[in-house]
Amino acid sequence: MLQRSIWVFSLAIVTSATDIIYYNCTCQGPYCSDKTCIGRTCFVTEQIVSDSRDIRTDRGCFNNSIYEQCSSNLDMLKVLCCFSEFCNENVTMFQTVEKPQEISLLLVTVLPIVLFVIFLMLFAFLFWKIKQSRRKKSLPRLIDFGHADIVNASIVGDSTLGDLLDCTTGSGSGLPFLVQRTVARQVTLVECVGKGRYGEVWRGLWQGENVAVKIFSSRDEQSWFRETEIYNTVLLRHENILGFIASDMTSRNSSTQLWLITHYHDNGSLYDYLQRTTVDPEGCLQLALSIICGLVHLHVEIFGTQGKPAIAHRDLKSRNILVKSNKQCCIADLGLAVVHTQNEDYLDIGNNPRVGTKRYMAPEVLDETIRTDSFESYKQTDVWAYGLVLWEICRRTIINGMVEDYRPPFYDMVPHDPSFEDMKKVVCVDQQRPNVPNTWSSDKILSSLMRIMRESWYQSPSARLTALRIKKTLNNLKNSLEQRKQDC
Ligand code: ADP
Ligand code: MG
C-alpha cells in the first residue's frame, strides 16, 4: 500500500502539470459538513492518539496544490494523497504500513520466546525418546526377571525346602532374591520360640515344613544386614552352620520388618538343650566336635570358585548354637561376624554397633587391648568362647553317674546380668577361669576336653589353640575311641 501511494503521489505530480482536475472524495472528520467533498486531491490522514495507540482517521479534500502536505509523514501522523474519484474511501495506512513493523516487533519479542519453548519441547521430546530407548534396552532383563519370577514361583510352588536349597546357585548360600522373597511371604508364623537380646524367633510354616523366623528389632537392623550380606555372598552351606533359607525386608504399618528365615531345629539352642538334657561322654564329644567343625569352616578361607573368605563369629555362645535332631550342633547368628580375605589382606569388620555377649568376652576384649586390625585376634576370641561352651557341655555330661546342673560360665563369680566391669574384674584383673571339677579327669574324653578348655583360656591370645588344632585333636580322639571299640 505504501508503494501504491508513492506511485499515486508521483502520478499526481505529473497530472497537475497539465490540467486541473477535481475529484469527489470521501469526507470524514470534524470539519466535514457532508460525507463527501470535492477537491484537487483526496487525502487520508491517520494519527496515532497519545499512548492508547488508537488510530484516528480523517478523510477529505485538498483544494490547493499543497502536495508538500502529502509528504509530511511523521511517525505519529501519516498522510496519503490520491487522485481519483473517492480514492481515499477505503484507504488505511497504519494498519498496512505499520503491520510489517508490528510483525517485526512481534518477531523480536515473541519469536525468541517461541523458539525457546520449541527448543524446550524438542529437548523434552529427545529426553523422552532416549529414556524410551533405554527402557527398551533394559526390557529384556525385566521380562527375564518377570519370567524368573514365574519360573521361581512355580519352582517354589512344587518344591520342598530341600529341593529349593539343593538348586542354590551363585556365590552365596542363599536362594535367588526373588525366591527368597516369595518364600518369606508364604511363611505363616506359628509360635514364638525364643526372645533374644534384639528380637524374637518364631517357628513358622512354609509349605507344611517348619522354618525358623528371626524377627529383628529395628535397633538391631545392622545384625540383619550383616547376616543377610554374609549368607548371600559367602557359600556357607555346612552341616554345622545354621542353614539359611531367606531374608526379607517388608514394610508393615509404616515400620520396617526384618526377617531372617533359617532351618528350624526343634531342640532349640544348646543353652535350651543343656537345661533339660544330660549327655554321655560320647554325646559330649559329638556336640563338641560338631561345634568345632562349624567354627573351623567359618575360620578357614577356602580358595577357588567354590571357595569362601575366612570368617570370625565374635558372638559364640550356647544360645547361638542350635542342636539338630541328629545331636550335631550348628552355629547360628552371624550378625557380628568379620570377614577376611588373605589375597587382598582385606578385613571387613562390618558396621554393627552391637558388641558380643559380655559373659563370653575374652580378656583382650574386656581390657580393650585387642588388636582390632588383625583378623587373627577375632579368631582367638572365638576360641576363648568355644572353651566356655565346652565347659557348659562338660558340666552336663554324666561321669560315673554324676552330673552338674546347668550353669552359665562364671555363674559363681559375676551377677546374673554382668556388666562389662564385672567381667573385666573377674577375667582380666583376677584372671579367674570357670571351675573344672576333678571328676572330669577320670574320663578319657572329658580329660581331653579339659585340656582343650585350659588351652583356650590363656590370657595371651596367641598362646591359645586354634580351632583347626582343636578339631584335629577331637577327631583323633574320636577315631581312637572308635578304633578301641572295633578292637574289643
Ligand atoms: P540371642 O540373642 O540370645 O542369641 P536369638 O535371637 O539368636 O537369641 O535366639 C533366641 C532363641 O530362639 C534361641 O535361644 C533359641 O531358643 C531359639 N532359636 C533361634 N534360632 C532357632 C532355630 N533356627 N530353630 C529353633 N530355635 C531357634
Ligand atoms: Mg543369637
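Here, residue 1 is the first one in the sequence, and each next residue gets the next number. In each ligand, atom 1 is the first atom listed, and ligand 1 is the first ligand listed. Quick note: numbers below take in every heavy atom, side chains included, and nothing from hydrogens, waters or symmetry partners.
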Engineer: Measure the distance from atom 8 (O) of ligand 1 to every protein heavy atom, then report the residue, atom name and distance (to 0.1 Å) of the closest one.
Structural biologist: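 Sorting protein heavy atoms by distance from atom 8 (O) of ligand 1 puts G196 CA, 3.4 Å first.
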
Engineer: Determine, for D333 against K214, whether the closest basic-nitrogen to carboxylate-oxygen distance falls under 4.0 angstrom.
Structural biologist: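 Answer for the salt bridge query: yes.
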
Engineer: Quick one: CG on L366 to CE on M423, what's the gap to the nearest 0.5 Å?
Structural biologist: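 Separation between the atoms: 6.0 Å.
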
Engineer: If the threshold is 4.0 Å, N to carboxylate O, is there a salt bridge linking D367 and K424?
Structural biologist: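 Salt bridge: no.
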
Engineer: Less than 4.5 Å apart, side chain to side chain, heavy atoms only: is that true for I349 and R314?
Structural biologist: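 I349 reaches R314 side chain to side chain.
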
Engineer: Is there a side-chain contact between V339 and I230 (heavy atoms, below 4.5 Å)?
Structural biologist: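 Side chain of V339 against side chain of I230, heavy atoms only: contact under 4.5 Å found.
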
Engineer: Among protein heavy atoms, which sits nearest to atom 9 (O) of ligand 1, and what does the distance come to when rounded to 0.1 Å?
Structural biologist: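 That would be V201 CG2, 3.5 Å.
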
Engineer: Any donor-acceptor pair under 3.5 Å linking the side chain of E392 with the backbone of P408?
Structural biologist: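 Between the backbone of P408 and the side chain of E392 there is no qualifying donor-acceptor contact (under 3.5 Å).
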
Engineer: Could you identify the N, O or S atom of D333 positioned closest to the Mg ion (ligand 2)?
Structural biologist: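 Of all N, O or S atoms in D333, the Mg ion (ligand 2) lies closest to OD2.
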
Engineer: Hey, which atoms in ligand 1 end up nearer than 4.0 Å to a heavy atom of K317?
Structural biologist: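 With K317 as reference, the close atoms of ligand 1 come out as 3 (O), 4 (O).
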
Engineer: How far is atom 14 (O) of ligand 1 from the closest protein heavy atom, and which atom is that?
Structural biologist: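 Answer, as residue, atom name and distance: S269 OG, 3.5 Å.
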
Engineer: Is there an N/O/S atom in D315 that lies less than 2.8 Å from the Mg ion (ligand 2)?
Structural biologist: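 No, since none of the N, O or S atoms of D315 sits under 2.8 Å from the Mg ion (ligand 2).
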
Engineer: Which atoms of ligand 1 have any heavy atom of G194 under 4.0 Å away?
Structural biologist: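 Those qualifying, in numeric order: 11 (C), 12 (O).
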
Engineer: Are any non-hydrogen side-chain atoms of T357 and R319 less than 4.5 angstrom apart?
Structural biologist: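 The answer is no; the side chains never approach within 4.5 Å.
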
Engineer: Provide, to 0.1 Å, the distance between atom 4 (O) of ligand 1 and the closest protein heavy atom, together with that atom's residue and name.
Structural biologist: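 Checked against all protein heavy atoms, atom 4 (O) of ligand 1 sits closest to N320 OD1, 2.7 Å.
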
Engineer: Would you please classify the geometry between the H263 ring and the H265 ring as parallel, tilted or perpendicular, with 30° and 60° separating the classes?
Structural biologist: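 Taking H263 first and then H265, their aromatic rings stand perpendicular (interplane angle over 60°).
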
Engineer: Among V279, I398, L289, find the residue that satisfies the side chain to side chain contact (heavy atoms under 4.5 Å, CB included) test when tested with C284.
Structural biologist: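 Of V279, I398, L289, side chain to side chain contact (heavy atoms under 4.5 Å, CB included) with C284 is met by V279 alone.
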
Engineer: For atom 23 (N) of ligand 1, what is the nearest protein heavy atom, given as residue, atom name and distance?
Structural biologist: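 The protein heavy atom lying closest is H263 O, 2.9 Å.
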
Engineer: In ligand 1, which numbered atoms sit nearer than 4.0 Å to a non-hydrogen atom of A212?
Structural biologist: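 Those of ligand 1 that fall under 4.0 Å from A212 are 22 (C), 23 (N), 24 (N).
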
Engineer: With atoms numbered from 1 as shown, which atoms in ligand 1 lie under 4.0 angstrom from a non-hydrogen atom of K214?
Structural biologist: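 Answer for ligand 1: 5 (P), 6 (O), 7 (O).
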
Engineer: May I ask you to say whether D315 pairs ionically with R226, meaning some side-chain N is under 4.0 Å from a carboxylate O?
Structural biologist: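 R226 and D315: not salt-bridged.
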
Engineer: Side chains of N240 and Q328: do they bring a donor and an acceptor to under 3.5 Å?
Structural biologist: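 Per modelled atom types, N240 and Q328 side chains form a pair under 3.5 Å.
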
Engineer: Answer side chain, backbone, both or neither: which part of L322 comes under 4.0 Å from ligand 1, heavy atoms only.
Structural biologist: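 Answer for L322: side chain.
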
Engineer: Check for a donor-acceptor pair, side chain of D382 on one end and backbone N or O of H313 on the other, with a separation under 3.5 Å.
Structural biologist: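 Yes; judged by distance alone, with no hydrogens or angles, the pair exists.
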
Engineer: N/O/S atom of N320 under 2.8 Å from the Mg ion (ligand 2), yes or no?
Structural biologist: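 Yes, N320 qualifies, because one of its backbone or side-chain N, O or S atoms lies under 2.8 Å.
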
Engineer: Which of the numbered atoms in ligand 1 are under 4.0 angstrom from any heavy atom belonging to R319?
Structural biologist: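 The atoms of ligand 1 under 4.0 Å from a heavy atom of R319 are 3 (O), 14 (O).
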
Engineer: Quick check: Y264 and ligand 1, any N/O pair under 3.5 Å apart?
Structural biologist: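 Between Y264 and ligand 1 (N or O atoms, distance only) the closest approach is not under 3.5 Å.
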
Engineer: Could you tell me which atoms of ligand 1, counted from 1 in the order shown, lie closer than 4.0 angstrom to a heavy atom of D272?
Structural biologist: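 With D272 as reference, the close atoms of ligand 1 come out as 15 (C), 16 (O).
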
Engineer: With a cut-off of 4.0 Å, which atoms of ligand 1 are near a heavy atom of T262?
Structural biologist: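 The atoms of ligand 1 under 4.0 Å from a heavy atom of T262 are 23 (N).
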
Engineer: Look at atom 2 (O) of ligand 1 and say which protein heavy atom is nearest, naming residue and atom and giving the distance to 0.1 Å.
Structural biologist: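 For atom 2 (O) of ligand 1, the nearest protein heavy atom is R197 N, 3.2 Å.
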
Engineer: Could you check atom 25 (C) of ligand 1 against the protein and tell me its nearest heavy-atom contact, residue, atom and distance included?
Structural biologist: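 For atom 25 (C) of ligand 1, the nearest protein heavy atom is H265 O, 3.1 Å.
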
